[in-house]
Novice: 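The structure follows.
Hydrogens, waters and symmetry mates are skipped; everything else that's a heavy atom, side chains included, is used. Order of appearance sets the numbers: ligands from 1, and atoms from 1 within every ligand.
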Amino acid sequence: MDDDTGALPPKNDFSAWYNDLLWRAEIMDVRYPVKGLYVWYPYGFAIRKYVYQRLRDLLDRDHQETLFPLLIPEQEFMKEAEHIKGFENEVYWVTHGGTTPLEVKLALRPTSETAIYPMYALWVRSHADLPIKYYQIVNTFRYETKQTRPLIRLREITSFKEAHTVHATWEEAEQQVEEAIALYREFYDGLCIPTLISKRPDWDKFPGADYTIAVDTIMPNGKTLQIGTVHHLGDHFSRTFNITYEDKNGEQKLAYQTCYGISERSIAALISIHGDDKGLILPPDVATFQAVIVPITIGKRHEDVMVAAQKLKTDLTAAGFRVKLDTRDLRPGAKYYWWELRGVPLRLELGPRDLDAGKVMAVKRTGEKTSIELATVTEGMKRVLSEITDTLRARAEEHTRSHLCNVDSMDALNATLNEGKVAVVHWCQQRGCGDVIGEKTNANILGSDVRSLLVPATEGKCIACGKPGKTTLVGRAY
Ligand code: 5CA
Ligand code: ZN
């Protein structure tokens, strides 16, 4: 860290707050000398570990983890026309082995369809092999031209979870899309991150997909962040890569596919949505440390308190909590500040009087103080941590609710977006009107068919042309 002095900017100065917090709380170091590439500090990497463990646990219910090579030969990469068009400006190429030019250029995967599907063509033989549901968690490379930002828009995405499935029919693939949406919903609900799930306009779908369902969230400044996507690939790739299977009647059939991905944007959202003016606030389920014990040792009771604090740590660790005992030679106030900045959800203050009363003072990072009986400390911890989770979830939901606004005219749309809100409009689904909306407001149509209780489908007129339209989200996106 270069500068430990000065204060964190207030959260309402969001982008200053975000950039500052990343190094102050030791999540990412942005000083790596390649644009768009960043370094995980161990503290940030531990958050990633717990977040991704949850993602793995959800996937492992009915997916299998795999690992494919980073390099993709040019011929494979160039096979699917729409896919190439979508990615050709973003691909890094490996052209040399040492000083020798390579006979076949190799792409650094921007995503792995063209690495995985040639192998799927070999692996899928019969209907009995289907469905296939594999995923990998890898780094991918995209030469992004929009402004790069740590955890949000990277040129090396370090934590790309991509799932790739194969099915016998289009309908089964569609069913898988629904399952993936449910899985992402559960994942984000576990992180207390509200989601707006909608169908992207046709021109904004993944290159090579039949349709794309996107998961967005509203960041503190009102901008939306796409934190996951689920794509129905139809038979676009199975035609190209010849992924066929023999059905029950002995006929060769084309397979149908889906893919869906999540990146470290999930962690950008986690940090941004829950943090406050003092720093990070981590939901207990994914916190590096769920509680920090700060011994308050004034005068001659020093030994007693230290022994009790050590015992408390041992007991809580044995009960499965992630606990830090801070024995550094610092004033308690300095320790409070340190751990508040780093988002530890609960602080346990243990002093001589608490000890005599058989209690420990529990200060929630979300605000209130309470005390926990040492005799039943495990139950007490569980209760208080789950209260913190509930508070974070309620605050985040309130933020989303208060940043959605129904709008039925172009003027009102602009005003709403300028206030840092996401607009709920009606749109006729025509590209022309989509372009008008985009040009007049410098915003994006996020999607229609919104799956959120906060955004019920209603009847209304297209905000651009007045014809009947569907309920649609419009926002300024990262
Ligand atoms: N093959 C498909 C599904 S895995 C795919 O690549 N989809 S994607 O392009 O939409 O990417 C999946 C998710 O990764 C996006 O929804 C977004 O949340 C995240 N993502 C995409 N590009 C970046 C980037 N440059 N930096 C960080 N995250 C990104
Ligand atoms: Zn219209």
Novice: Using the Zn ion (ligand 2) as the apex, give the angle to atoms SG (C428) and SG (C433), rounded to 10 degrees.
Specialist: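 It is 110°, given to the nearest 10°.
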
Novice: Mind running ring pair (Phe, Tyr, Trp, His ring centres under 6.0 Å) on H83 and F237 for me, showing each step along the way?
Specialist: CA-CA 9 Å; H83 192 67; F237 288 90; 5.2 Å; yes

Novice: Centroid-to-centroid, H232 to Y211, below 6.0 Å?
Specialist: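 So the answer is yes for these two rings.
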
Novice: Name the orientation class of the two ring planes belonging to W123 and F68 (parallel below 30°, tilted from 30 to 60°, perpendicular beyond 60°).
Specialist: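 The rings of W123 and F68 sit tilted, inter-plane angle from 30° to 60°.
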
Novice: Looking just at side-chain N and O atoms, do S238 and Q257 make a donor-acceptor pair shorter than 3.5 Å?
Specialist: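 No - no donor-acceptor pair under 3.5 Å links their side chains.
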
Novice: Give the residues near ligand 1 by chain and number, with the criterion being a heavy-atom distance under 4.0 Å.
Specialist: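 Under the 4.0 Å cut-off, ligand 1 touches T111, E113, R142, E144, I152, R153, L154, I157, F160, E162, F206, Q226, I227, G228, T229, H231, C259, Y260, G261, S263, R265.
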
Novice: Is the cationic atom of R322 (NZ for Lys, CZ for Arg) positioned less than 6.0 Å from the six-membered ring centroid of Y50 and within 45 degrees of its normal?
Specialist: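 Flagged: R322 positioned over aromatic ring of Y50.
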
Novice: With the Zn ion (ligand 2) at the apex, how many degrees lie between SG of C465 and SG of C462, rounded to 10 degrees?
Specialist: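 Nearest ten degrees: 100°.
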
Novice: Do Y135 and E65 have a side chain donor and acceptor closer than 3.5 Å?
Specialist: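 The criterion, which ignores hydrogens and geometry beyond distance, is satisfied for E65 and Y135.
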
Novice: Specify whether Y18 and F14 have parallel, tilted or perpendicular ring planes, treating 30° as the upper limit for parallel and 60° as the lower limit for perpendicular.
Specialist: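 Taking F14 first and then Y18, their aromatic rings sit tilted (interplane angle of 30° to 60°).
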
